[in-house]
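Taking it in order: structure first as structure tokens, then the write-up.
Order of the sequence lines sets the chain letters (A, B, ...), proteins ahead of strands, with each chain counted from 1.
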Protein chains: 2
Amino acid sequence: MRMSNGVEWALHTLLNLDMLGGGPVGSGRLAQAHALPASYLNKQLQHLVRAGLLVSVPGPRGGFRLARPLADTTLRDVVEAIEGDARLFQCTEIRCCGSIGELTPRPTTACAVKLAMQRADDAWRQALEAQTLADIREELDRTPHIGRAVRSALG
Amino acid sequence: MRMSNGVEWALHTLLNLDMLGGGPVGSGRLAQAHALPASYLNKQLQHLVRAGLLVSVPGPRGGFRLARPLADTTLRDVVEAIEGDARLFQCTEIRCCGSIGELTPRPTTACAVKLAMQRADDAWRQALEAQTLADIREELDRTPHIGRAVRSALG
DNA sequence: GGCTTACTACTCGGATACTGCTTGTCCGAGTTCAGGGGG
DNA sequence: CCCCCTGAACTCGGACAAGCAGTATCCGAGTAGTAAGCC
């Protein structure tokens with residue numbers, strides 16, 4: 001149960017785009033910034049476009065730019081854009097199968113195991129939602145040479 | 001990023017073992033209880049043995065029995081026994097790669113993205129740890145026919 | 001009759017194939033820009 | 001000199017393979033129980 005690398009790529013790319021300002025940047029240069037496979041990064045950024053976090057501009061001088069300020073984008077938005085919004089734990093209702101399932105009437109209440117795992121899932125998503133990319137950007141700005149390097153590499 | 005089915009299987013199996021009392025139960029019967037593939041369930045239960053949640057008894061009349069009361073086993077114990085204790089988000093330090101990485105000195109502080117994701121990870125694990133299997137057992141006992149069915153199917 | 005011993009049946013445990021998803025790559029559709037020709 | 005048109009280059013977007021973890025299965029090692037043989 002490992003999260004896709006695309007989440008890390010997406011987060012750093014969003015932060016880089018914010019440090020550069022408004023203009024669109026192509027996936028090729030964004031990939032070069034962190035030595036990532038360009039086409040595959042492009043694929044991940046398409047997920048962010050569909051989720052409304054990025055806007056894509058076709059043609060020469062095109063690329064991707066932020067759809068809204070980083071303060072309005074939470075970690076949860078990014079994770080769910082890449083990974084989907086499926087639950088970490090998927091209940092397959094095995095309580096209704098096999099010899100035990102046949103000996104019990106159709107349950108009317110939700111599976112207690114499922115509910116317990118969902119509580120943890122909710123805590124995770126809530127913690128993700130409580131942190132915006134602007135918070136991380138602020139953290140990064142404590143070391144100013146990072147922003148300078150980004151502008152120097154991509155600007 | 002989906003959790004393995006083995007977690008669900010392990011949780012229900014642990015609960016079933018507790019409802020039956022102390023004696024060891026073979027993986028064949030435990031699997032039959034929920035119509036699961038026996039050998040594969042066996043593999044998952046081996047993980048629980050290595051984690052110290054179960055004790056295995058070889059030979060005829062052998063099987064698996066609980067190593068300790070359910071009140072001493074948390075959801076986190078089970079999840080980490082099956083899935084391992086690796087972080088959901090694994091930072092690959094791409095900030096040090098590519099053209100940006102070459103323009104920045106070796107960072108002395110931890111990656112801000114990594115830290116933010118770890119905070120959510122910690123919230124998840126904490127929520128898992130706050131719930132014991134005894135709590136779920138208590139929830140299940142609200143509908144007594146479940147326990148009767150388990151004892152009737154496996155006892 | 002009681003004890004020892006060999007055998008059988010049943011269990012866990014790990015080694016061995018198979019499947020689906022994540023990862024990675026490639027090519028086509030669309031758009032902007034530049035340059036040349038015409039008015 | 002200005003405008004229009006054609007072509008080329010560059011971008012995103014989705015379709016097409018490769019690698020790997022999760023899934024499923026099988027067989028061997030070991031043990032408890034049983035039954036037969038011996039004292």
Does [X], at its [atom1] atom, have more than 12 non-hydrogen atoms belonging to other residues, nucleotides or ligands within less than 6.0 Å?
X      : atom1 : answer
B:E93  : CD    : yes
A:E138 : CD    : no
A:R61  : CZ    : no

Which part of the nucleic acid does B:M1 contact within heavy-atom distance under 4.0 Å: base, sugar-phosphate only, or nothing?
->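 Touches sugar-phosphate only.
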
Remember a base hit wins even if backbone is also touched, and classify B:S4 as base, sugar-phosphate or nothing at under 4.0 Å, heavy atoms.
->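 Sugar-phosphate only.
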
On DNA chain D, nearest-nucleotide positions of A:G26 versus B:P60: which is more 5'?
->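 Taking each residue's closest nucleotide, the earlier one in sequence belongs to A:G26.
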
Comparing B:R61 and A:P58 on DNA chain D - which has the more 5′ nearest nucleotide =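 Residue closer to the 5' terminus by nearest nucleotide: A:P58.
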
So, is [X] close to the [N] phosphate, meaning a side-chain N or O under 4.0 Å from OP1 or OP2?
X     : N      : answer
B:R50 : C:dC12 : no
B:Q46 : C:dG14 : yes
B:S56 : C:dT11 : no
A:S27 : D:dT11 : no

Indicate yes or no: does B:E139 engage B:R137 in a salt bridge with an N to O separation below 4.0 Å.
->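 No.
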
A:D135 bridged to B:R119 by N-O distance under 4.0 Å =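 Here A:D135 does not pair with B:R119 in a salt bridge, since their nearest N and O are not under 4.0 Å apart.
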
Could you give the CD-to-P distance, from A:E8 to C:dT23, as a whole number of Å?
->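 Between P of C:dT23 and CD of A:E8: 11 Å.
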
Range-with-range stems for DNA chain C, at least three Watson-Crick or G-U pairs under 3.5 Å =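 Stem list for DNA chain C: C:1-39 with D:1-39.
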
Which sits closer to the 5' end of DNA chain C, A:P37 or B:L45, going by the nucleotide each is nearest to?
->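 That would be B:L45.
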
For A:F89 and B:L75, run side-chain contact (heavy atoms from CB on, under 4.5 Å): C-alpha distance rounded to whole Å, both residues' side-chain angles, the deciding distance at 0.1 Å, then the answer.
-> CA-CA 12 Å; A:F89 177 87; B:L75 288 182; over 6 Å; no

Could you work out which one of D:dG13, C:dG13, C:dT22 sits closest to the side chain of A:F64?
->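 The nucleotide sitting nearest to the side chain is D:dG13.
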
